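A, B, ... follow the sequence lines: proteins, then strands. Residue 1 opens every chain. Hydrogens, waters and symmetry mates play no part in the numbers below; they use all other heavy atoms, side chains included. None of these values were measured; they are calculated from a predicted model.
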Amino acid sequence: MTMKKKKIKLALVGNPNTGKTSLFNKLTGLHKKIGNYPGITVNRVAGIFQLDDGTLIELIDLPGTYSLHPNSKDEEVVLKELLLNRENIEGVIVVADINNLKKNMILLTELQDLGMPVMLAINMCDEMKRKGIEIDIGKLEKLLGIPVMLISAKKAKADGEKKGKGKIHALKHRIPEMFTGKGKRFFENYGLTALNLDFIRDKIKTNDLYKNWILYTEQDKLNEAIEKKFPYINELPFDRTAVKKLLQKEIIKRYKDINEILKETYRIDKSKATGFTERIDRILLHKYWGLIIFAVIMFSVFQSIFSLASIPMDWIDGIFTQFSMYLKTSLPDNELTALLTDGILAGIAGVVIFVPQIAILFLFIALLEEMGYMSRIVYLMDKIMQPFGLSGKSVVPLLSGTACAVPAIMGARTIENSKERLITILTTPFMTCSARLPVYTIIIALIIPEEKIFGMINLQGLALFALYFLGFASALISAWVLSKLIKSNYKRYFILEMPEYKLPILKNIYITVIDNLKAFVFGAGKIIVAFSIIIWFLATHGPEKFQQTETDIKKTEKFSHQEMNIEAYKLENSYLGIMGKAIEPVIRPLGYDWKIGIALLTSFAAREVFVSTLSTIYSVGDADNEHLLKEKMRREQNLFTGKPTFTFAVGISLLLFYAFAMQCFSTLATIKNETKTWKWPVIVFFYMTGIAYITAFIAYQSLK
Amino acid sequence: MKLTELKPSQKGIAINCENSLLPLKLMEMGCVDGVEIEFINKAPLGSPYYYKIGGTRIALGKEIAEMIDVKPTKKHDDNEEEKN
Ligand SMILES: Nc1nc2c(ncn2[C@@H]2O[C@H](COP(=O)(O)OP(=O)(O)OP(=O)(O)O)[C@@H](O)[C@H]2O)c(=O)[nH]1
Ligand SMILES: [Mg+2]
């Protein structure tokens, strides 16, 4: 391959937690999530940068893996990308952790055997001195036959990276060398394949020996591709135990070769080892204190989310109220203004007001990941989660599910056991995600008095806490039920690397928080604007009867009530009203009228839409538009009985419905994506919504 | 003796890691015969176990740790280990 080509595709590959994503960010400037928990990247992510000579490099950041023999879904991504996507990926930058070069080099030697153009980037060189590490890079390059660079993704700035100097800049400009050198091959000398691959020697090129070995050993994970492109693999006899023995031999031989190489090039002064991480772990993971410390940390996290966020939330509330008032007084008093202020603006305010809470939540999750405590949570929780059919690794998706279920479900890829992974995917949507907060908050404000019990516990806060607990408890209970129903013949095992404790890189945390906030606000914002307009249109247009409303009413009603009734009557006969009436029989047993029904229906696109839909409907159906949504909801009455719509029973029923119902299309699509079948999203939808309906029904009927 | 029988801070040399019942991942992470393993800690409910295997900190479920045998070392020799 020559460098004449204008665009080159490269992949970042390496063990978990070696700083691939940090380097990716440094090279491409594209912001991706970083963390000190093995398996933070579970997906492939692409970005682009340019060399000084104009060559474009498309860089793909892959999940961490220990070898080309995957144990979990995120590692499978790497294998498939490298083995089956060869036309696509032209070369690989292996990112290794300087503290543990030996282990990192297993994967490196495998990639060299695949015949890929490879470059080794030894990361975290900022720690070299402190750890007493010495490396002979020149010799390493010679022994491996590939370019080797010593870099630090952390201390890049101090390195003068901005001014076009520094190690990462140098790394960029050695990329072309990957394609000219001749990397050492290891596998050919191991003589392991004689047993099996000899049958097909005539069918494969010698160069592809190792590739075929991987295809052969991982055939159960690659069966689709094998059937299409390498059918001869299926003709070979396959004895699982024999193959495993060979693979074990292969690793031992690799370690032997690596030891040979490192003996001449790598030196670590053992006396410099402080055992810092181990000493902290003896406290944080202590038999008794461990769980207590964990509980205290979790409690303070959630406590501070609410206490720290309340002040900025008040500001945001104030700003939106002022702005909305300003628009109302300065724009002509018509329905379009109402749509803008009461529909769209109110809906967006209902989401933006949660930005402080979500920012703090993401901040804490990012901090826990960056500093390395997330792995400790997994360690502490594993045995506790086991009876529920979950793994300690399920805790990470469940925790981040309190922010948003979509990335959380993807995070379940790190769970090796397919049954535990499936159960984690299916139960994470029960966790109280941030989209439920706008709904909870407004309903709690309506039905729970703002009082303190025992002089200190805020009742409304307590209600919110109860809902969080409800979400977590139902996730666990349904996990337990699922674990009894789903059959699996895979044995469960637990292996987890415990990363070093690190001071967080503040920029990484900043990026995580900002990226997630953007996704939350813009994702919800788009849906809210679209739905507000649709709802408004349907509520202000209607068939024949709707158009005759005014003449109808003038004939029948007394003048004094006229105005209010025209609006209400019109709404009932609009397209929206007709749709609402059609679904009313279904939701009446839960205590809802057709307007709530419409809000419920639109919530199936995204829960946050509840608030904006109700605001839109109420502002259309109400002649005077001066009140905020909460006040409107309080005043809303049943047309026939004249009683308030939002009673305590209706409120509780709604809270339960929103706690359980599967009302998020993105989540369903993610479940489909992760399980590769529509079966599971369909089951989750009916299961969760079924529970929602039944509990809401029971609550309303017994409380009303 | 079994890996799970090590006392906190006690070290041992792994002797049967090339056992076909163990996941391959373990060997890839550096848990091979002859490597030095130090027991660090046990999770509150009795599993997983936490070890330093070679230069890597690894938590292992009890079911796995029980399958690994070690030869305990009395007081380990720093220079000896460095060559690995
Ligand atoms: N000291 C030091 N720490 C670093 C450096 N680069 C990254 N880190 C830290 O290493 C941890 C892991 O970084 P990531 O970039 O998420 O690693 P990754 O390889 O993408 O991890 P996975 O996606 O989980 O495989 C983070 O805590 C970083 O702050 C470095 O050059 N020096
Ligand atoms: Mg990553």
**Q** Does any heavy atom of chain A fall under 4.5 Å from the side chain of B:Leu22, the backbone, both, or neither of them?
**A**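 The backbone, not the side chain.
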**Q** Which region of B:Asp33, side chain (C-beta onward) or backbone (N, CA, C, O), has a non-hydrogen atom less than 4.5 Å from a non-hydrogen atom of chain A, or is it both or neither?
**A**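 Answer is neither: B:Asp33 stays 4.5 Å or more from chain A.
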**Q** First locate atom CD1 of A:Ile495, then atom CD1 of B:Ile58, and finally report the distance between them rounded to the nearest 0.5 Å.
**A**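 Nearest 0.5 Å value for the CD1-CD1 distance: 7.5 Å.
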**Q** When you measure from the side chain of B:Asn41 to the backbone N and O of A:Leu285, does any donor-acceptor pair fall under 3.5 Å?
**A**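 Yes: the side chain of B:Asn41 pairs with the backbone of A:Leu285.
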**Q** Roughly how far, to the nearest 0.5 Å, is NZ of B:Lys52 from CE of A:Met498?
**A**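 Spacing of CE (A:Met498) from NZ (B:Lys52) equals 12.5 Å.
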**Q** Could you grab the distance from atom CG of B:Leu21 to atom NZ of A:Lys244, nearest 0.5 Å is fine?
**A**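 Answer for the CG-NZ pair, B:Leu21 versus A:Lys244, is 7.0 Å.
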**Q** Distance from B:Leu24 atom CG to A:Leu247 atom CG, nearest 0.5 Å?
**A**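 That separation rounds to 5.5 Å.
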**Q** Between B:Glu63 (side chain only) and A:Phe494 (backbone N and O only), is there a donor and an acceptor less than 3.5 Å apart?
**A**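 Such a contact is found between B:Glu63 side chain and A:Phe494 backbone.
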**Q** Just so I understand: if I count every heavy-atom pair under 4.5 Å between each of A:Asp382, A:Asn15, A:Ile106, A:Asn71 and chain B, which residue has the most?
**A**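 Winner by heavy-atom pair count: A:Asn71.
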**Q** Heavy-atom distances under 4.5 Å only: say whether B:Tyr51 touches chain A with side chain, backbone, both or neither.
**A**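 Neither part, no heavy atoms under 4.5 Å.
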**Q** May I ask you to check whether over 12 heavy atoms, not counting those of B:Lys42, lie within 6.0 Å of atom NZ?
**A**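 Not more than 12 within 6.0 Å, no.
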**Q** Cut-off 3.5 Å, side chains only: do B:Ser9 and A:Arg282 have a donor facing an acceptor?
**A**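 Side chains of B:Ser9 and A:Arg282: pair found under 3.5 Å.
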**Q** So do the side chains of A:Leu380 and B:Pro44 get within less than 4.5 Å of each other, counting heavy atoms only?
**A**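 Side-chain contact under 4.5 Å: yes.
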**Q** What part of A:Ser67 gets within 4.5 angstrom of chain B, counting heavy atoms only: side chain, backbone, both, or neither?
**A**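 Its backbone and side chain both get close to chain B.
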**Q** Given 3.5 Å as the limit, does a donor-acceptor pair link the side chain of A:Tyr66 with the main chain of B:Leu26, or not?
**A**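 No, A:Tyr66 side chain to B:Leu26 backbone: no donor-acceptor pair under 3.5 Å.
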**Q** Quick one: what part of A:Tyr379 sits under 4.5 Å from any heavy atom of chain B, side chain, backbone, both or neither?
**A**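 Contact with chain B: backbone and side chain both.
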**Q** So, the side chain of A:Tyr493 versus the backbone of B:Ile64: is there a donor-acceptor pair under 3.5 Å, distance only?
**A**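 Judged by distance alone, no pair lies under 3.5 Å.
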**Q** How about A:Lys221: does its NZ atom have over 12 heavy atoms from other parts shown lying under 6.0 Å from it?
**A**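 Yes, the 6.0 Å shell around NZ holds more than 12 heavy atoms from other groups.
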**Q** Which one of B:Ala43, B:Gly46, B:Ala59 has the most heavy-atom pairs closer than 4.5 Å to chain A?
**A**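 Looking at each option in turn, the highest pair count goes to B:Ala59.
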**Q** Relative to chain A, which of B:Cys17, B:Pro8, B:Pro23, B:Gly30 shows the most heavy atom pairs under 4.5 Å?
**A**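 Greatest number of close heavy-atom pairs with chain A: B:Pro23.
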**Q** Tell me, out of A:His286, A:Glu278, A:Glu416, A:Met381, who's got the most heavy-atom pairs with chain B below 4.5 Å.
**A**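 Option with the greatest count: A:Glu278.
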**Q** Given that the side chain runs from C-beta out, which part of A:Asp281 has a heavy atom under 4.5 Å from chain B: side chain, backbone, both or neither?
**A**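 Both backbone and side chain of A:Asp281 come within 4.5 Å of chain B.
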**Q** Is there a side-chain contact between A:Glu497 and B:Met29, using heavy atoms and a 4.5 Å cut-off?
**A**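 Yes, close enough: below the 4.5 Å cut-off.
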**Q** If you count heavy-atom pairs within less than 4.5 Å of chain B, which of A:Ile252, A:Leu291, A:Leu107 leads?
**A**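 The answer is A:Ile252.
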**Q** From A:Ile384 CD1 over to B:Ser47 OG, what is the distance, rounded to the nearest 0.5 angstrom?
**A**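 Interatomic distance, A:Ile384 CD1 to B:Ser47 OG, rounded to 0.5 Å: 11.5 Å.
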**Q** What option among A:Lys287, A:Lys103, A:His69 has the most heavy-atom pairs under 4.5 Å with chain B?
**A**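 Of the candidates given, the most pairs with chain B belong to A:Lys103.
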**Q** About how many Å separate CD of B:Glu28 and CZ of A:Arg254, when rounded to the nearest 0.5 Å?
**A**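 Output value for this atom pair is 10.0 Å.
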